[in-house]
Q: 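Next up is a structure, given as structure tokens.
Bear in mind the structure is a predicted one, so any value in this text is a computation, not a measurement.
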Amino acid sequence: MLVARALAEPGRAAALAIALGTSESTVSRIRNERLDEVLMFLAHLGLKVVPGDYQCVDQKTFAAFQVLWEKAMRQTSAAKLIFEDAD
């Protein structure tokens with residue numbers, strides 16, 4: 001679970017406790033006893049938890065990317081994609 005992994009990182013629980021103005025033991029108690037409830041709360045609001053460095057796009061933009069990707073993948077194997085040399 002993404003949230004549990006994040007809280008397992010050294011110093012993250014302490015930083016969260018400071019941000020919430022509470023103790024590390026309260027953060028630990030939330031993680032151990034109420035995390036599923038907190039995540040269900042967010043899910044029922046239509047929210048998702050993702051890493052902060054992810055970029056989100058709306059469904060129409062994603063559909064356009066998907067069409068372009070599928071078209072590019074249908075090209076012959078000899079064709080070179082413009083993003084292959086990006087690195």
Side-chain angles (χ1 to χ4, degrees):
M1 178 184 298
L2 186 62
V3 176
R5 276 196 306 258
L7 284 171
E9 293 176 13
R12 291 292 291 272
L16 180 58
I18 291 169
L20 294 175
T22 190
S23 67
E24 279 188 71
S25 62
T26 299
V27 169
S28 178
R29 198 167 32 259
I30 292 169
R31 181 188 65 219
N32 294 329
E33 299 172 8
R34 305 214 49 197
L35 186 56
D36 289 339
E37 186 178 347
V38 169
L39 295 175
M40 287 296 287
F41 182 88
L42 295 173
H44 284 284
L45 290 173
L47 303 173
K48 297 179 183 180
V49 176
V50 297
D53 60 347
Y54 276 30
Q55 297 290 319
C56 297
V57 297
D58 62 81
Q59 288 182 332
K60 288 181 179 180
T61 302
F62 179 79
F65 288 149
Q66 192 170 21
V67 167
L68 293 171
W69 180 84
E70 288 170 357
K71 183 173 175 131
M73 293 300 107
R74 283 193 299 268
Q75 293 178 350
T76 64
S77 60
K80 187 170 186 159
L81 301 176
I82 62 171
F83 52 82
E84 286 181 337
D85 290 330
D87 292 333

Q: Specify the closest pair of heavy atoms between Leu2 and Pro51, including all atoms of both residues, with the distance to one decimal.
A: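 The pair with the smallest heavy-atom distance is CD2-CD, 3.6 Å.
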
Q: Which pairs with one or both residues in residues 36-46 pass side chain to side chain donor-acceptor pair (under 3.5 Å), sequence neighbours excluded?
A: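 Side chain to side chain donor-acceptor pair (under 3.5 Å) check on residues 36-46 returns Arg34-Glu37.
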
Q: What residues, two or more places apart in sequence or in another chain, satisfy salt bridge (charged side-chain N to carboxylate O under 4.0 Å, His left out) together with Arg29?
A: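 Once residues adjacent in sequence are excluded, Arg29 has no partner under the salt bridge (charged side-chain N to carboxylate O under 4.0 Å, His left out) criterion.
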
Q: With side chain to side chain donor-acceptor pair (under 3.5 Å) as the rule and sequence neighbours excluded, what pairs involving residues 45-58 come up?
A: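 Residue pairs passing side chain to side chain donor-acceptor pair (under 3.5 Å), neighbours aside: Asp58-Thr61.
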
Q: Given a cutoff of under 4.5 Å between side-chain heavy atoms of I, L, V, M, F, W and Y, with clusters grown through shared members, what are the other residues clustered with Val67?
A: none

Q: Please list all pairs passing the salt bridge (charged side-chain N to carboxylate O under 4.0 Å, His left out) test where one or both residues lie in residues 59-68, with sequence neighbours left out.
A: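 Residue pairs with at least one partner in residues 59-68: there are none.
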
Q: Holding to side chain to side chain contact (heavy atoms under 4.5 Å, CB included), I want the full list of residues that pass it with Leu47, two or more places apart in sequence or in another chain.
A: Leu42, Leu45

Q: Got a sec, which pairs hit side chain to side chain donor-acceptor pair (under 3.5 Å) with one end in residues 6-20, sequence neighbours left out?
A: Glu9-Arg12

Q: Do any side-chain atoms of residues 13-24 form donor-acceptor pairs under 3.5 angstrom with protein atoms, and if so which ones, sequence neighbours left out?
A:
residue	atom	partner	partner atom	Å
Thr22	OG1	Thr26	OG1	3.3
Ser23	OG	Ser25	OG	2.9
Ser23	OG	Thr26	N	3.1
Ser23	OG	Thr26	OG1	3.0

Q: In the hydrophobic cluster built from side-chain contacts under 4.5 Å, what are the other members alongside Phe65?
A: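 Traced through the cluster, Phe65 reaches Val57, Phe62.
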
Q: For Glu33, check side chain to side chain donor-acceptor pair (under 3.5 Å) against everything at least two apart and list the hits.
A: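 Listed in chain order: nothing, the list is empty.
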
